[in-house]
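One structure is given here, and the rest of the page talks about it.
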Amino acid sequence: MTMIISTAVVVAVVGLLVGLMLVFASEKFEVEVDEKEAAVRECLPGNNCGACGYAGCDAMAAAIAKGEAPVNGCPVGGAPVAEKVSAVMGVSAAALEKRVAFVKCAGTCDKMKVKCNYIGIQDCQAAATLTGKGIRACQQGCLGYGSCVAACQFDAIHVVDGVAVVDRSKCVACGKCVEACPQHLIEILPDRSVYAVQCSNTEKGAIVRKLCDAGCLACGLCARQCEAGAITIANNIAHIDYSKCTGCGKCAEKCPAKIIRCR
């Protein structure tokens, strides 16, 4: 009995000493928590998508609290989150323009010429490593195997009739699809932009005609029609300057290939 009591006392004393040491260590090495950082983190959606340019929401919150990132820097949360964060930081949030992904290819199954059969891995990254890049004649168009679809966390992009199509209502402009596309066909554009050039083929018009019925011919009709000077032809592709575009639609009316389309 004496041995049991002695053992219990020893265990109790050791436990007490360990507890005191832990308390001392926690106070000695305590890491101060920035209350603003914690409050900002509570406002962020927690997707950790990296669309803001930081490793995740924790890193974003720390940057905002330090003044290194804007209060409206979360594209997923948009204006509602920006308002909450600005309230925490005591500043006003500038208007955050909504942006969405856009696929620069209109080569649907009925438009794109087929050159061969492809029985490899159904993935754009895999197909792009092969000479020929899948079944499609256009080597610069959408491969249609859905690497962008797999990369999207928001179910905002799907392959429809052989071409990736973005659901603008779901897209948060995180850029994951942009990174996933080996053809570099996807870009992030202002959601307000009304018209866009849905082609990326840089071959001359005569060659494009043989590859796809929905390819830019670089004819320049759109540029000559644009009164605002918003369209230029570079590298055999029409480009729209959205800072100048008025959305009149005259370029789309004149485009013989009908690849300048209302978004």
Side-chain angles (χ1 to χ4, degrees), residues 72 75 78-79 94-114 136-144 148 152 156-175 177-178 181 183-263:
N72 62 357
L96 182 63
E97 182 179 44
K98 178 175 171 57
R99 297 168 68 82
V100 295
F102 175 70
V103 182
K104 298 180 291 183
C105 179
T108 52
C109 295
D110 61 322
K111 301 290 186 182
M112 184 76 73
K113 304 298 191 298
V114 175
R136 293 165 174 258
C138 178
Q139 296 291 283
Q140 300 178 51
C142 180
L143 299 178
C148 54
C152 182
I157 187 166
H158 299 91
V159 175
V160 179
D161 199 13
V163 176
V165 177
V166 177
D167 183 340
R168 294 170 66 180
S169 66
K170 294 181 179 180
C171 180
V172 299
C174 70
C177 58
V178 177
C181 179
Q183 298 290 79
H184 308 294
L185 292 177
I186 307 175
E187 63 180 338
I188 305 298
L189 298 178
D191 192 37
R192 60 175 171 78
S193 59
V194 180
Y195 292 90
V197 180
Q198 204 167 6
C199 179
S200 293
N201 196 308
T202 57
E203 299 284 359
K204 292 183 178 180
I207 297 176
V208 173
R209 282 183 182 275
K210 297 177 182 179
L211 304 176
C212 181
D213 293 333
C216 180
L217 305 176
C219 62
L221 283 175
C222 54
R224 291 193 291 273
Q225 188 69 20
C226 183
E227 298 175 357
I231 303 182
T232 55
I233 305 297
N235 200 21
N236 294 322
I237 284 286
H239 299 271
I240 299 177
D241 183 343
Y242 292 108
S243 66
K244 297 178 180 179
C245 179
T246 61
C248 68
K250 293 180 179 180
C251 56
E253 293 175 4
K254 286 293 182 179
C255 176
K258 302 303 178 184
I259 51 88
I260 300 180
R261 302 180 177 182
C262 183
R263 296 177 57 227

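FYI, the numbering just counts along the sequence from 1.
Residue K258 qualifies as enclosed at atom NZ: its count of foreign heavy atoms under 6.0 Å is above 12.
The side-chain heavy atoms of C138 and M112, taken from C-beta on, include a pair separated by under 4.5 Å. The side-chain heavy atoms of R209 and L217, taken from C-beta on, include a pair separated by under 4.5 Å. A heavy-atom distance below 4.5 Å is found between the side chains of Q140 and E203. For the pair I186/I157, a side-chain contact is recorded, criterion being any heavy-atom separation below 4.5 Å from C-beta on. Under the 4.5 Å side-chain criterion, counting only non-hydrogen atoms from C-beta, C212 is not in contact with N201. Two residues are said to be in side-chain contact when any heavy atoms from C-beta on lie closer than 4.5 Å; V165 and V103 fail this criterion. For the pair V178 and I188, the minimum side-chain heavy-atom distance is below 4.5 Å. Put simply, the side chain of I260 does not reach to within 4.5 Å of the side chain of C216, judged on heavy atoms.
Contact record, G215 with I259: N-CG2, 4.0 Å, taken as the closest heavy-atom pair. When all heavy atoms of V163 and A106 are compared, the closest pair comes out as CG2-C, 4.4 Å. Among all heavy-atom pairs drawn from C152 and A156, the shortest one is SG-N, 3.3 Å. Shown here for V166 and C171, the closest heavy-atom pair between the two residues is CG1-CB, 3.9 Å.
With rounding to the nearest 0.5 angstrom, the CD atom of Q198 is 10.5 Å from the CG atom of L185. Separation of atoms OG1 (T232) and NZ (K244) is listed at 8.0 Å; rounding is to 0.5 Å. Between the CD atom in Q183 and the SG atom in C148 there is a gap of 11.5 Å [rounded to 0.5 Å]. Here the straight-line distance linking atom CZ of R261 with atom SG of C199 works out to 10.0 Å at 0.5 Å rounding.
Within the structure, salt bridge (Lys or Arg N to Asp or Glu O under 4.0 Å) contacts touching residues 161-175 (residues at least two apart or in different chains) are D155-K170, R168-D191.
Under the 3.5 Å distance criterion, the side-chain polar atoms of Y195 are left unmatched by any main-chain donor or acceptor of T246. Counting only distance, with no hydrogens or angles, the side chain of Q225 and the backbone of C251 share no donor-acceptor pair below 3.5 Å. Side chain of S200 to backbone of K104: a donor-acceptor contact under 3.5 angstrom is found. R136 places a side-chain N or O within 3.5 Å of a backbone atom of G162 that can act as its donor or acceptor partner.
Scored by the salt bridge (Lys or Arg N to Asp or Glu O under 4.0 Å) test, K111 finds no partners at all (sequence neighbours excluded). Applying the side-chain hydrogen bond (donor to acceptor under 3.5 Å, both in side chains) criterion to K113, with sequence neighbours excluded, gives D213.
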> Do C222 and I233 pass the side-chain contact (heavy atoms from CB on, under 4.5 Å) test, and can you show the C-alpha distance, the side-chain angles, and the key distance before you say yes or no?
Replying inline: CA-CA 9 Å; C222 54; I233 305 297; 4.1 Å; yes
